[in-house]
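All ligand and atom numbering here is 1-based and tracks the order in the structure.
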Amino acid sequence: MEDCIFCKIAAGEIPCRKVYENEKVLAFEDIHPMAPIHVIIIPKRHIATLMDVDAEGMADLQSMMSAAQEVARVEKVDQKGFRMVINCNKEGGQVVFHLHMHLLGGLRLKNGLA
Ligand code: 5GP
Ligand code: ZN
């Protein structure tokens, strides 16, 4: 996808601080972290939003969740705990329209949405 920042990161055209990678997914540090640990997990192929995930995309989501487990181990929050977030579309706060998960950790996260 032209002009998709996460496609460019996946292609190595824009640098990132990589945390984990396999053939289907890439995980990298968020450029504006909202927690001491803030990792973005993306499928390497372009899917715009959670609502665009079809049957084939479900395999990508599965890979992203597996990657999240690995990222949690790498970041040493697998036992302490962490939070996963997917923002979808405008009211969900999605800014980058390439499907991604946020893995947040490294502090005691409060319950609540804001
Ligand atoms: P969204 O609000 O779409 O769920 O989250 C997009 C996230 O991507 C934001 O937390 C933002 O800081 C992060 N982000 C946007 N552009 C870049 C970039 O070029 N590099 C990295 N590492 N993160 C980015
Ligand atoms: Zn993309």
What residue and heavy atom of the protein are closest to [atom], and at what distance?
atom: atom 18 (C) of ligand 1; result: Ile9 CD1, 3.9 Å
atom: atom 3 (O) of ligand 1; result: Val95 N, 2.7 Å
atom: atom 23 (N) of ligand 1; result: Ile31 N, 3.3 Å
atom: atom 1 (P) of ligand 1; result: His100 NE2, 3.1 Å
atom: atom 2 (O) of ligand 1; result: Gly93 O, 2.9 Å
atom: atom 16 (N) of ligand 1; result: Ile5 CD1, 4.2 Å
atom: atom 15 (C) of ligand 1; result: Val96 CG2, 4.1 Å
atom: atom 7 (C) of ligand 1; result: Asp30 OD2, 3.4 Å

So, for Ala68 and Met84, which heavy atoms are closest and what is the spacing to 0.1 Å?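 Taking Ala68 first and Met84 second, the nearest heavy atoms are CB-CE, 3.7 Å.
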In short, Met64 meets Ile41 closest at the heavy-atom pair CE-O, 3.5 Å
Are any of the side-chain heavy atoms of [X] and [Y] separated by less than 4.5 Å?
X: Ile47; Y: Asp54; answer: no
X: His100; Y: His102; answer: yes
X: Ile42; Y: Leu99; answer: no
X: Asp30; Y: Val39; answer: no
X: Phe82; Y: Leu104; answer: no

Does Gln79, at its CD atom, have more than 12 non-hydrogen atoms belonging to other residues, nucleotides or ligands within less than 6.0 Å?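 No.
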About how many Å separate CZ of Phe97 and CG of Asp3, when rounded to the nearest 0.5 Å?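 Result: 15.0 Å between the selected atoms.
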[X] neighbourhood, listing ligand 1 atoms whose heavy-atom distance to it stays under 4.0 Å:
X: Phe6; result: 8 (O)
X: Phe28; result: 21 (C), 22 (N)
X: Asn87; result: 1 (P), 2 (O), 4 (O)

Just heavy atoms, cut-off under 4.0 Å: does His102 contact ligand 1 by side chain, backbone, both, or neither? side chain
Distance-only donor-acceptor pairs under 3.5 Å for side chains of residues 19-26, two or more places apart:
{"unit_1": "Tyr20", "atom_1": "OH", "unit_2": "Asn22", "atom_2": "ND2", "d": "3.3"}
{"unit_1": "Glu21", "atom_1": "OE1", "unit_2": "Lys18", "atom_2": "NZ", "d": "2.6"}
{"unit_1": "Glu21", "atom_1": "OE2", "unit_2": "Lys44", "atom_2": "NZ", "d": "2.8"}
{"unit_1": "Asn22", "atom_1": "OD1", "unit_2": "Lys24", "atom_2": "N", "d": "2.8"}
{"unit_1": "Asn22", "atom_1": "OD1", "unit_2": "Val25", "atom_2": "N", "d": "3.0"}

Check Glu13 with Lys8, please: is the shortest side-chain N to carboxylate O separation under 4.0 Å?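 Salt bridge flag = no for Glu13 with Lys8.
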Backbone N or O of Thr49 within a donor-acceptor pair of the His98 side chain at under 3.5 Å?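 Pair absent, no side-chain N/O of His98 close to backbone of Thr49.
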With 2.8 Å as the threshold, which protein atoms of type N, O or S lie near the Zn ion (ligand 2)? Leave waters out.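 Listed by chain and number, the atoms are Cys4 SG, Cys7 SG, His46 ND1, His98 ND1.
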To atom 22 (N) of ligand 1, the nearest of Glu29, Gln94, Lys8, His32 on a heavy-atom basis is Glu29
